[in-house]
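Working notes for the structure below.
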Amino acid sequence: MAKHGYGGKILRIDLTEQKATIDCLPSEYYEMYLGGRGFNSRLLFDMAGPQTDPLSPEAPLIFAPGALHGTPVPTASRTTATIKNVLSGGHGDSHGGGFIGSEIKYAGYDVVIITGKAEKPVWLMINDEKVDFCDASDLWGKKTKETQEAIRKKLPSKKVQIACIGPAGENLVKYAVITDGVATFGRTGVGAVMGSKNLKALVVYGTGGITIHDPSRLLKAIKEYNNIVKQDPYLIPAVTFGSTRFMWHRVKYGVHGACNWRLGEFDWEGLSPEIFREKHAVKATSCPMCPVRCRRDMMIREGEHKGEYTKVEWESIARSMTMGITDSIDLIRVIGAFNEMGLDIESAGDTIAFAMECFEKGILTKEDFDGLSPAFGDAELILKIIKMITYRQGIGNLLADGCYRASLAIGKGSEKYAMHIKGVEVTAADPRGMPVRAVSYATSTRGSDHLRSNPYVEEMATPEEAELMFGSREAADLKGVAGKGRMLKWSEDLVTIGDLLGLCKWAFYRSATMEYLCDKGLRLAAEFYSAVTGREMTGEELMLAAERVYNIEKAFNVRTGFRKKDDTIPERFFTEPIKGGPGDGNIVERNKFNTILEEYYEARGWDPSTGLQTRAKLEQLGLSEIKNVLEKDQREKNTIMLV
Amino acid sequence: MGKEANEINTSTRVEYVPRVGELEGWCSGCRICETICSMYNEGISNPKISRIKIISWEPSIDVPIVCKQCVEPLCAKSCPVEAFKKNDNGILEVDQELCIGCGACVESCPFGAITVNPITGKMSKCNLCGGQPLCIEYCPADVIKLMTSKLRETEKAEEWAKVLQKQKEIAGKKAKEQCAGGE
């Protein structure tokens, strides 16, 4: 009997044997981890260890739709794809807000686990319980949109959902993505793992459905959420401008991360939210079930490239600034190329910016770039480098391994221009001048990431709220230190709930006020989960499940070898001040960083001096099995992994 | 609205009414209507059995398709077993006991508005949720409306009247300018 809200089964696919088996997850996984990232993080811990090569056949690629995905719950559109991180070697996952996840659920599954490696390229057709391994030799080499179109032509029903890789994934570019046409699983190299398995596409058609425990209670809660969307000042511009509106935030604080994270002043007017809205936006579109509708296809309407269009989200604008792009038409062309090749814009943007700075500093020369002279903002050149990376030609072969590995191979002091944390390229805004954001990038369990937490609450919490929730009024001050570690822990757990349930971290876990945020993120999230599944949960219980999942990921990273010294940020942020703009001169002060980091470890119940987990904490969270694995490793390897 | 529509005595239906010229004035393709429809009418959430369906293609085009509640319903006329029956509200529904899943209604409906259940193979169509369609109530873009052809007729005529008025104004202004230029 399927549980309300869930598919009920899991599908294991072995590509080597071309075999599919259906079974069930242990029922305590549902109780402890709820779904999505929760299931995946535990399964990855069970299935991969420190010795597993992320691109080997035995390494798993795990898809799990969030617990509420596939139901009408607003913003419940997120699916987690989990791997052993290709860039960091630790925990890796990526989240997409498209239709592939709900289709997996309609086919009856809460998790799809793919292992092995097909002898020749294949695509998978999952039609409820039937799984076909289809020859993909005619698809291999095709770009993402072409692949989607070619598969649709082969199939009688248009209602299938397709997640595929582009040429970048086939060529094992370490930051290749998986895309389902609407959304992209972008980070940590999920596309490379799919490519390493000779798997071009996962196609799903599900005829079953999700049962809802209490539809009228659910409908009532949906109305409440919809009212918040209309009132929360944070979400109102989101409807009008989509995510392009973050430009105003970057301009306000001077945290563009422009030209490889150096400049706080940048010629951004050509990329303003108004320009995208007036000149390029086709229409407000959305992820499944989202009333906010922040997605935009951006089209070039005049000139040589008239008619070209692609999906542009904020982070693609941000990384375009990292590459020095100042013109919206250039941006659409470059982002279009990333999307078509199947590259992660975040990692690729930082890696290309790294290469440009190396050229600027004389570390790389014209010869390294086949006679080209890379310069920040040169779109034609960036398009050429994108091609070189995708097909691993010339210097592209080095850059395809990410800026960290490229810098190790290049040497000559290039390491200080490689902007990465644990091997994963830096994202979002410049953290200089905002110490807790720097720490939040460092503590993320999948390498540099701004979505693993929500330290942005410091911008809207009142000093009274900060004192009540995080023990210090200082936590409401951007430059403050006391209470920031506790705030970071709280916000990591809060947004993790989103990944367990499949709710959007933006529309659900960002707000203009603490009151709205807690009302949505805790009370309403719990209400939705209870109404859909019939299992009564409170916001606090959701937070506990999230904390559990975070601890499993941390344990996976500790097993991989990450220690306190790795919970850090690129040296540039500590030593080189932002140039220009309102944040001119800001750095991340090392003492503030360390104080917040230790307060964070303490708030997590970990050992502040080593950052390692404690036996007591793992037991308290019901993670004795995880603890036992660490104990065993510790004995065998004779290194301390647990305190 | 529903009551007034009935008084006008033309078929009341769910109609896609985009606000042309507004970026947020179109169906966004979110599928909230589909999942709520299937949950409410079929007891499970899956867009494939929703009676309202969103047809999408690139770039960014999404169009809701739903029963027009025709006055002379071709679906019912084509049904060999007379499975289309009016419910208490006077809305045609498919009797699941009688339906043989032959697909004649799917072929005869000019709008593709009949839904085929992929498991049972039987048909269903929009029943207006008893008078207050949930798709309308929960559409975040507010672009599907309860409509009758009679109301729509007036609305469309008004839309065109405004365009016509503008055209005449422009023509008049041009004529005036030309006269002025002739002096």
Side-chain angles (χ1 to χ4, degrees), chain A residues 5 70-77 99 102-103 105-106 128 145 148-149 157-159 181-182 205-212 215-216 218-219 222-223 226 229-230 239-242 277-278 281-299 307 309-311 532, chain B residues 18-50 52-65 112 115-122 124 129 132-143:
Chain A
T71 74
V73 172
T75 88
S77 62
F99 290 96
S102 48
E103 207 59 35
K105 266 185 138 173
Y106 300 146
D128 294 339
K145 206 181 281 177
Q148 298 262 346
E149 281 164 8
S157 170
K158 290 197 170 30
K159 292 277 178 190
V182 174
Y205 183 81
T207 64
I210 312 291
T211 60
I212 310 289
S216 52
L218 174 59
L219 288 173
I222 295 175
K223 280 227 164 119
N226 289 348
V229 173
K230 289 190 191 112
V239 179
T240 317
F241 289 99
R277 179 173 169 85
E278 282 152 27
V282 178
K283 186 192 77 179
T285 58
S286 64
C287 295
M289 308 310 136
C290 184
V292 178
R293 297 166 283 145
C294 77
R295 279 184 180 278
R296 301 288 184 273
D297 270 349
M298 299 292 183
M299 188 181 267
Y309 65 91
T310 197
K311 293 188 194 318
V532 168
Chain B
R19 297 183 297 283
V20 179
E22 217 183 287
L23 282 180
E24 298 80 17
W26 300 85
C27 168
S28 71
C30 72
R31 264 76 172 180
I32 288 175
C33 56
E34 290 185 340
T35 46
I36 288 191
C37 174
S38 62
M39 176 181 84
Y40 183 75
N41 289 299
E42 306 284 351
I44 55 172
S45 170
N46 185 342
K48 280 178 221 71
I49 49 170
S50 165
I52 181 166
K53 40 197 154 192
I54 309 300
I55 303 297
S56 306
W57 66 94
E58 293 211 341
S60 293
I61 298 164
D62 303 282
V63 185
I65 299 292
T115 299
V116 186
N117 185 316
I119 295 174
T120 63
K122 296 191 180 188
S124 61
C129 298
Q132 278 189 314
L134 292 188
C135 52
I136 294 174
E137 207 173 329
Y138 289 88
C139 172
D142 195 22
V143 289

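Chain A is the first sequence line, chain B the second, and so forth, proteins listed ahead of strands; every chain is numbered from 1.
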Determine the option with the most heavy-atom pairs under 4.5 angstrom with chain A, choosing from B/Ile44, B/Asp62, B/Leu134.
B/Ile44

Which of B/Pro47, B/Gly25, B/Ser56, B/Cys139 touches chain A most, by non-hydrogen pairs under 4.5 Å
B/Pro47

Among the options A/Gly181, A/Ser157, A/Gly209, A/Pro74, pick out the one with the most heavy-atom pairs lying under 4.5 Å from chain B.
A/Gly209

Tell me, side chain or backbone of [X] under 4.5 Å from chain B's heavy atoms, or both, or neither?
X	result
A/Val182	neither
A/Asn226	side chain
A/Ser216	neither
A/Lys158	neither

Nearest-0.5 Å distance that lies between atom [atom1] in [X] and atom [atom2] in [Y]:
X	Y	atom1	atom2	value
B/Ser60	A/Met299	OG	CE	8.0 Å
A/Lys159	B/Ile55	NZ	CD1	4.5 Å
B/Lys48	A/Tyr205	NZ	OH	5.5 Å
A/Arg295	B/Cys30	CZ	SG	12.5 Å
A/Ser102	B/Glu34	OG	CD	10.0 Å

Part of B/Glu42 within contact of chain A (heavy atom distance under 4.5 Å):
neither

Is it the case that atom CD in B/Glu22 sees more than 12 heavy atoms from other parts of the structure closer than 6.0 Å?
yes

Please report the C-alpha distance between B/Met39 and A/Leu218 in whole Å, then the side-chain angles of each, then the deciding distance to 0.1 Å, and finally whether the side chain to side chain contact (heavy atoms under 4.5 Å, CB included) criterion is met.
CA-CA 11 Å; B/Met39 176 181 84; A/Leu218 174 59; 3.7 Å; yes

Quick one: does any side-chain atom of [X] pair with a main-chain N or O of [Y] as donor and acceptor, under 3.5 Å?
X	Y	answer
B/Asn46	A/Gly208	yes
A/Lys283	B/Cys27	yes
B/Tyr138	A/Leu219	yes
A/Arg293	B/Pro140	yes

Counting C-beta onward and ignoring hydrogens, is there a side-chain heavy-atom pair between A/Pro288 and B/Arg31 closer than 4.5 Å?
no

Taking all atoms of both residues into account, what is the closest heavy-atom pair of B/Glu24 and A/Val239, and its distance?
OE2-O, 3.6 Å

Smallest heavy-atom separation, A/Thr71 atom then B/Ser45 atom, equals CA-OG, 3.6 Å

Qualifying residue, where the test is side chain to side chain contact (heavy atoms under 4.5 Å, CB included) with A/Thr207 and the options are B/Ile49, B/Asn117, B/Ile119
B/Ile119

